[in-house]
Amino acid sequence: MLKPNLKEARKRTTEETKIETFDSIWNMQLKGIAKGKTYFIKTYGCQMNEHDSENIKAILEELGYKEISIMEEADLILLNTCAIRENAHNKVFGFLGRIKNIKEKRKNVIAGICGCMAQEEVVVDEILEKYSYIDLIFGTHNIHHLPQFIYNLLRKEESQVEVYSKEGEIIENIPFKRDSKYKAWVNIMLGCDKFCTYCIVPYTRGKQRSRKHEAILKEVEELKEKGYKEVTLLGQNVNAYGKDLEDNYKMEDLLFDVSKTGIERIRFVTSHPWDFTDQMIEVIAKCKNIMPYIHLPLQSGSDSILQQMGRRYTKAQYLTLFHKLKEKIPNVSITTDIIVGFPNETEEDFQETLQVVEECKFDSAFTFIFSPRVGTPAARMEDTVSIEVKEERLQRLNERINYYSKCANEAYLGKTVQVLIEGVSEKDDTKVMGYTETMKLVNVKASKETIGTIIDVKVTEVKTWSMDGEEV
Ligand code: SAH
Ligand code: SF4
Ligand code: F3S
């Protein structure tokens, strides 16, 4: 049993990141050991977790498992968890009760937890103490050992707990079972070294480590050959790409080279305002297949709060960057993340955030109430703001955010936009759906044959969260 350790997770050394390949770890003899069995996986959290689940699914299918959508019938139940806020935790703990019922009826079911919550010492201790029917706990750095855990569990060995808290390495070539045939996620960097004071990610995902650009470009080339139309380059701080490597190859170089592959659409998330260079902006503006869409988390508009958050930029610096992006990248859409109710946030601090919202008129935003995460500096700060005040601020903020989302969409009315059609519309199965270059969701009157292609769509109606249109 190897449990997570918060102190270890906090450490950063200058040691070079080790790169291994999955092929060198994968024991071919385990292929098919779970033939005839089924698995159910539920994924919480960000794109990185979704992408990890694509790895996990592929590994399980190598072992012989088949995916099913009814948890009650599965032989293996896995929860790939998120630790970013308290409510993410609560959802998972709520789910554990359902798993208990299943295990009481079907003893041979294997139940496991992985992802960011598995990296948290307090969580693993609680699971081991109160949820002893969980057979498997593995961390974000241990996915490549999944075949061995399953082998051990199928041989009825005791529960498997393995969570590395070390800085993390890079495992190349883990197979993927991608959720879409048209758009794909591509990790360009793992982990985070920013240590914003409220955030758990640097502890759950390890140190910042960039993949070699050759490996990334090869992956994009292969995706393009398979017919993929869009790639999203993933990292907690994509603009810091390459800073941990010695070849002086930076995010702007990567963007330019990915653009040269000729894949039709390129996106990237998440951009920290701190590392956004003029060279990056130039490349984005120049390359037509790099989409004019930037997610640029603000977090707060108050300099005092930004400083306490450890964000390394001021309100003025954020605004300068924001306006530069708007000016240099034609038709760019910019979205953001905002936290309200950071410890001791005053009404004046909150007003500063609202001012930035009024000035930037974001295309949309994810907004959150600060949630203290065990082990982070902000969780130890004294806080005099009541939850009622925080909730009320969130409501006031959301009202403005929604207003500007609708305004941003209204500018599209009657215009023709390009949409990558991804599938049948969830709301109306006679329609198809997809996203514009600027990441607006459109439900489109068009034949199902357009799925997987980029088509011209005339926008006929706009709402707060989506638009309607028809093929032209
Ligand atoms: N790497 C990204 C953010 C990843 S987490 C960045 O730096 O922008 C996604 C969002 O969750 C953050 O932008 C932040 O707004 C929110 N978040 C993170 N920790 C939080 C916490 N403790 N409480 C509330 N929101 C939080
Ligand atoms: Fe968290 Fe900050 Fe890293 Fe983003 S940059 S993942 S908010 S520590
Ligand atoms: Fe959640 Fe981990 Fe992503 S904490 S937001 S799943 S990196």
Side-chain angles (χ1 to χ4, degrees), residues 4 9-10 12 42-53 56 79-89 91-92 113-120 123 139-141 143 168 185 187-209 234-241 243 268-276 294-301 305-306 308-313 318 334-343 345 353 362 365-381 383 387 390 393-394 397 401:
R10 198 177 283 138
R12 290 294 184 269
K42 185 158 178 65
T43 309
Y44 300 86
C46 64
Q47 295 97 329
M48 247 153 269
N49 241 23
E50 295 281 349
H51 196 34
D52 283 351
S53 283
I56 291 169
L79 304 183
N80 190 7
T81 62
C82 169
I84 202 83
R85 285 171 292 274
E86 190 59 37
N87 59 359
H89 266 224
K91 278 188 210 156
V92 169
I113 288 197
C114 59
C116 287
M117 276 172 74
Q119 292 293 141
E120 290 183 284
V123 169
T140 58
H141 307 299
I143 293 174
W185 286 309
N187 281 330
I188 63 168
M189 59 193 304
L190 310 166
C192 179
D193 287 346
K194 288 279 191 284
F195 286 98
C196 301
T197 57
Y198 51 82
C199 184
I200 192 83
V201 172
Y203 309 84
T204 64
R205 293 268 163 181
K207 77 167 172 190
Q208 176 182 308
R209 47 213 199 277
L234 278 186
Q236 291 298 349
N237 275 299
V238 287
N239 338 17
Y241 171 79
K243 288 197 166 177
F268 52 95
V269 280
T270 296
S271 298
H272 189 296
W274 169 252
D275 301 296
F276 219 119
I294 291 165
H295 187 62
L296 193 70
L298 166 69
Q299 311 304 1
S300 169
I305 297 289
L306 283 171
Q308 292 176 63
M309 286 176 161
R311 287 294 286 182
R312 310 175 200 207
Y313 53 84
Y318 183 93
I334 303 182
T335 57
T336 199
D337 291 346
I338 297 173
I339 299 175
V340 299
F342 188 80
E345 181 191 62
T353 300
F362 293 107
F366 295 109
T367 55
F368 313 101
I369 291 181
F370 166 74
S371 173
R373 312 311 303 132
V374 175
T376 62
R380 293 190 291 273
M381 292 178 190
D383 188 4
I387 185 67
K390 295 184 186 205
R393 282 184 194 157
L394 183 69
L397 175 65
I401 292 291

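Whatever order the structure lists ligands and atoms in, that order sets their numbers, starting from 1.
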[X] near ligand 1, heavy-atom distance under 4.0 Å?
X: T270; answer: yes
X: I369; answer: yes
X: V201; answer: no
X: R311; answer: yes

Nearest-neighbour protein heavy atom for [atom], which is reported as residue plus atom name and distance:
atom: atom 3 (C) of ligand 1; result: Q236 OE1, 4.0 Å
atom: atom 5 (S) of ligand 1; result: I84 CD1, 3.6 Å
atom: atom 4 (S) of ligand 3; result: A83 N, 3.2 Å
atom: atom 14 (C) of ligand 1; result: Q299 OE1, 3.4 Å
atom: atom 7 (S) of ligand 2; result: Y198 OH, 3.4 Å
atom: atom 16 (C) of ligand 1; result: R85 NH1, 3.3 Å
atom: atom 8 (O) of ligand 1; result: P297 CG, 2.9 Å

Out of the candidates T353, I369, T367, I305, only one should pair with V340 under the side chain to side chain contact (heavy atoms under 4.5 Å, CB included) rule; please name it.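 Running side chain to side chain contact (heavy atoms under 4.5 Å, CB included) over T353, I369, T367, I305 with V340 returns exactly one hit, I369.
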Next on the checklist: Q299 and side chain to side chain contact (heavy atoms under 4.5 Å, CB included): which single residue from Y318, F370, F368, Y198 fits?
Outcome noted: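 The passing option is Y198.
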- Go through L296 and F362 one step at a time and tell me if the side-chain contact (heavy atoms from CB on, under 4.5 Å) criterion holds. CA-CA 10 Å; L296 193 70; F362 293 107; over 6 Å; no
Next on the checklist: Using a 4.0 Å heavy-atom cut-off, which part of Y198 comes near ligand 1: side chain, backbone, both, or neither?
Outcome noted: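 Contact part for Y198 vs ligand 1: both backbone and side chain.
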- Query: What do we get for M48 next to ligand 3 when only non-hydrogen atoms under 4.0 Å count, side chain, backbone, both or neither?
  - Reply: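 Neither; no heavy atom under 4.0 Å.
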* Checking R373 side chain against V201 main chain: does a donor-acceptor pair fall under 3.5 Å? ->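 The answer is no, because no donor-acceptor pair under 3.5 Å joins these two groups.
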Checklist entry - With no hydrogens and no angle check, is any side-chain donor or acceptor of R393 less than 3.5 Å from a backbone partner on E345? => result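 Side chain of R393 to backbone of E345, a donor-acceptor pair under 3.5 Å: yes, one is there.
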Shortest non-hydrogen contact from [X] toward [Y]:
X: T140; Y: C116; answer: CG2-N, 4.0 Å
X: W274; Y: R312; answer: CE3-O, 2.9 Å
X: C192; Y: N237; answer: SG-ND2, 3.3 Å
X: V374; Y: I200; answer: O-CD1, 3.8 Å
X: A83; Y: T204; answer: CB-CG2, 4.5 Å

- Message: Within ligand 1, which atoms have a heavy atom of F370 less than 4.0 Å away?
- Response: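 Matching atoms, with element in brackets: 23 (N), 24 (C).
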Notebook entry, point to check: Angle class for the H295/F366 ring planes (parallel below 30°, perpendicular above 60°, tilted otherwise)?
Noted result: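 Geometry flag for F366 against H295: perpendicular rings.
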Selection from C46, S371, C199 by shortest heavy-atom distance to atom 21 (C) of ligand 1: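 Checking each option, the heavy atom nearest atom 21 (C) of ligand 1 is found in S371.
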If we only consider heavy atoms of R311, is any one of them less than 4.0 Å away from an atom in ligand 2?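 Yes, R311 has a heavy atom closer than 4.0 Å to ligand 2.
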For ligand 3, which atoms sit closer than 4.0 Å to a heavy atom of [X]?
X: C46; answer: 3 (Fe), 5 (S), 6 (S), 7 (S)
X: C116; answer: 2 (Fe), 4 (S), 6 (S), 7 (S)
X: Q236; answer: 7 (S)
X: N49; answer: 6 (S)
X: C82; answer: 1 (Fe), 4 (S), 5 (S), 6 (S)

Would you check whether D337 has a nitrogen or oxygen atom less than 3.5 angstrom from a nitrogen or oxygen atom of ligand 1?
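Yes: some nitrogen or oxygen of D337 is under 3.5 Å from one in ligand 1.
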Check your understanding: Taking N or O atoms only and a 3.5 Å limit, does R373 qualify as a polar contact for ligand 1?
Key ->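 Among all N and O atoms of R373, none is under 3.5 Å from an N or O of ligand 1.
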_I339 CD1 to L298 CG distance, which is reported to the nearest 0.5 Å_ =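 These two atoms lie 10.0 Å from each other.
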- Roughly how far apart are D193 CG and R209 CZ, rounded to 0.5 Å?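 Atom-to-atom, D193:CG and R209:CZ are 9.5 Å apart.
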Exercise. So what's near atom 3 (Fe) of ligand 2, protein N, O or S atoms under 2.8 Å?
Worked result: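 Protein N/O/S atoms under 2.8 Å of atom 3 (Fe) of ligand 2: C192 SG.
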### Query
Tell me, do Y203 and Q119 make a side-chain contact under 4.5 Å, heavy atoms counted?
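SC-SC contact between Y203 and Q119 ruled out.
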Are any of the side-chain heavy atoms of F195 and T376 separated by less than 4.5 Å?
->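 No, every pair of side-chain atoms sits at 4.5 Å or beyond.
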Q.
Quick one, M48 with V269, criterion side-chain contact (heavy atoms from CB on, under 4.5 Å). Give me CA distance, side-chain angles, the key distance, then yes/no.
A. CA-CA 10 Å; M48 247 153 269; V269 280; over 6 Å; no
